[in-house]
S.K.: 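Attaching a single structure in structure tokens format; questions to follow.
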Amino acid sequence: TPEDFDIDGGIDQDIFDINEDLGLDLFEGDIKLGAQDR
Amino acid sequence: NSIIGEMYRWPHTIPYVLEDSLDINAKGVILNAFERYRLKTCIDFKPWSGEANYISVIKGSGCWSYVGNRHVGRQELSIGANCDRIATVQHEFLHALGFWHEQSRSDRDDYVSIIWDRILSGREHNFNIYDDEVSDSLNVPYDYTSVMHYSKTAFQNGTEPTIVTRISDFEDVIGQRMDFSDYDLLKLNRLYNCTSSLSFMDSCNFELENVCGMIQGSGDAADWQRVSRASGGPETDHSNMGQCEGSGFFMHFDSSSVNVGATARLESRTLYPKRGFQCLQFFLYNSGSEDDQLNIYVREYPAGNVDGSLTLVEELKEIPVGSWQLYHVTLNVANTFRVVFEGRRGSGASLGGLSIDDINLSETRCPHNIWHIRNFTQFIGSPNGSLYSPPFYSPKGYAYQIYLNLESTTNVGIYFHLISGANDDQLQWPCPWQQATMTFLDQNPDIQQRMSNQRSITTDPFMTTDDGNYLWDRPSRVGQVVVFPNGTEYSRGRGYGTSAFITYERLRSRDFIKGDDAFILLTVEDVSHLNSTQNQPVPTSSVDDLCSEITCENDGICTVRNGKAECRCPSGKDWWYSGERCEKRGSTRDTIVIAASSTAAVFAAMLIVTLVSVYCTRKKYRKKTSSNTTAMTLETQHAF
């Protein structure tokens, strides 16, 4: 119903879609490759 | 497929920190994901207590992870906005445990076609293949059902799929975000040499004649029988609903053949608890009297007590007649024990009895409530597909209701509503930090093979709506007046959930609907304690400090051995890095060249030495021969 809150906004977003929308260009969509600070 | 190299593995118990940046709902979801790991694998998680390496879960931008244990001390994993779904957390932790995506394995092209001209410009690299020097598929077939597979729409520039499966039936299967697939578990358990799990205890569908080691009780009037159908019902078992000829067994207590008050006990094999709390789940069918009942006992064996002490845990009465019902019973046993099922003949007339099937026992928490939806398929895509659950109460006393929207022809929607209840005057409003976990149950007989679909939402007492009210305020203040089917009026607050809970295609891909019955498992728990900061111990030892002094090149990893930092260098089947900083590259080909060159050089040197020796010897021999000839001539001359 219109009164209900849809946390997905009506779209079934996959991990890669979420990251793409954020402008991230990660390896294979969701993998960090670079060296991480200790 | 996993990253090659033992240095990338984590210990079986992984230290973690849930950072303050995380949303409280995300924290709860992450803890639920850990429970799935504990049930289905040998991987466990513990709050960080100073170990050298641990996973720090943050709310960063997006959902991402590193692959494998990078030995950097604090290794980040991000569960950002909209990433707080259990399968997404499982996916990211599989990366951290050392897994790449399924479709990047070397034999990918045998199973899917990548449609390159449908991929967003500049994102083609996401579809690269990595050969078996980089990743290992662990002798497991390509898995369309993996939680690590992209969905068909990944990185598309339009509306057409970027991945087309060679077997078309799998086109809508790839990209599932429900739970681990069987092959995901096989790979993870192979990679980490798992032989047991922390929380799984037993599963029994009675297909084998040994009935999972269960035994008949002594001193009772009757026995439970292993049958494939019972005269008064059911006609089939629950495991496969009679679809497989010659199989499909369950246990039956024929109450029609015994006197009122007579009992039959069925005892499980001996079980050894680790955590001290258990959830017993099973399906029960009543074809006897409405007064027949099933009692659940535990027989505990504390040290020195060989006979065991019997304790009644729960009496199941008024069992609905004529259909398989799902039951959960919470146990809290710390000693060695057996579970005892006792059927008891009630006073009413009986033409059948009690039947049990698909028993699962695990050291997990039982759901608080079950919503059993009968004749499910008739609601799919129908104008009558707006279903509201019966009212339920949370342990804190909040009344709630679930709304399932089946009107769409593609997706199932699910929403959580607070409703007015008997305890409202004693409760805190707006309702603070109650996490509702809604699970569409995959009715696979084995709990470890289930791929149930789960979403969680958490009530935020500060959240407001467009009209300025608090979303989670008292329903009688901010809700709408509605009516139960029996005519009773009540107030219902606004729903909070998702229209994209699960697609019908995925619903049909597993045992979500069985005998036209569906089950939604519900848990509403207080998660306000997750608002507080997790204790952060001071890192132990100087491991990090020592490693901070050196830099390993070429993806080498610093470790501390005997108090000294050293680099562990990556290697493949026929290549490796070496040197103090992994700066030197070697390969089998180099070795062959070096060996061949060395052999040739040694041969040449020996040849030269031999030739020089021969030459010198001959020269010396000639000189000697020549002087002997001169002396002999002189002697001869002298003689004449």
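Letters A, B, ... are given to chains in the order of the sequence lines, protein chains preceding strands, and every chain is numbered from 1. All of these numbers come straight from a predicted model, not from anything done at the bench.
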S.K.: Specify whether Phe27(A) and Tyr130(B) have parallel, tilted or perpendicular ring planes, treating 30° as the upper limit for parallel and 60° as the lower limit for perpendicular.
M.R.: tilted
S.K.: What part of Glu20(A) gets closer than 4.5 Å to chain B, counting heavy atoms only: side chain, backbone, both or neither?
M.R.: side chain
S.K.: Considering non-hydrogen atoms only, spot the tightest contact between Gly10(A) and Ser499(B) and give its length.
M.R.: CA-OG, 3.2 Å
S.K.: To the nearest 0.5 Å, tell me how far Asp17(A) CG sits from Ser151(B) OG.
M.R.: 6.0 Å
S.K.: CG/Asp6(A) to CG/Asn405(B) distance, rounded to the nearest 0.5 angstrom?
M.R.: 10.0 Å
S.K.: Please look at His101(B) and chain A and tell me whether the side chain, the backbone, both or neither of the residue comes under 4.5 angstrom of a heavy atom of that chain.
M.R.: both
S.K.: Could you check whether atom CZ of Phe127(B) has more than 12 heavy atoms from other residues, nucleotides or ligands sitting under 6.0 Å from it?
M.R.: yes
S.K.: Where does the angle between the aromatic ring planes of Tyr150(B) and Phe16(A) fall among parallel (under 30°), tilted (30 to 60°) and perpendicular (over 60°)?
M.R.: perpendicular
S.K.: Quick check on Glu92(B) against chain A: is it the side chain, the backbone, both or neither that has a heavy atom closer than 4.5 Å?
M.R.: side chain
S.K.: Could you check if a side-chain atom of Phe5(A) sits within less than 4.5 angstrom of a side-chain atom of Leu471(B), using non-hydrogen atoms only?
M.R.: yes
S.K.: Distance check, rounded to the nearest 0.5 Å: Gln13(A) atom CD versus Arg177(B) atom CZ?
M.R.: 13.0 Å
S.K.: What is the distance from atom CG of Asn19(A) to atom OG of Ser78(B), rounded to the nearest 0.5 Å?
M.R.: 8.0 Å
S.K.: Indicate yes or no: does Asp25(A) engage Arg123(B) in a salt bridge with an N to O separation below 4.0 Å.
M.R.: yes
S.K.: Test side-chain contact (heavy atoms from CB on, under 4.5 Å) on Phe501(B) and Asp8(A); report intermediate values, then the result.
M.R.: CA-CA 9 Å; Phe501(B) 183 45; Asp8(A) 293 326; over 6 Å; no
S.K.: Check each atom of Ile7(A) against the heavy atoms of chain B and say whether the ones under 4.5 Å are side chain, backbone, both or neither.
M.R.: both
S.K.: Could you give the distance from NZ (Lys32(A)) to OH (Tyr66(B)), rounded to the nearest 0.5 Å?
M.R.: 5.5 Å
S.K.: So which part of Leu120(B) gets closer than 4.5 Å to some heavy atom of chain A, the side chain, the backbone, both or neither?
M.R.: side chain
S.K.: Does any backbone or side-chain atom of Asp14(A) lie under 4.5 Å from a heavy atom of chain B? Answer side chain, backbone, both or neither.
M.R.: side chain
S.K.: Just wondering, more than 12 heavy atoms not from Asp466(B) lying within 6.0 Å of its CG?
M.R.: no
S.K.: Any non-hydrogen side-chain atom of Cys63(B) less than 4.5 Å from a side-chain atom of Ile15(A)?
M.R.: yes
S.K.: Would you indicate whether the side-chain heavy atoms of Asp4(A) and Tyr403(B) approach each other to under 4.5 Å?
M.R.: yes
S.K.: What distance separates Ser61(B) OG from Ile18(A) CD1, expressed to the nearest 0.5 Å?
M.R.: 11.0 Å
S.K.: Heavy-atom distances under 4.5 Å only: say whether Ala81(B) touches chain A with side chain, backbone, both or neither.
M.R.: backbone
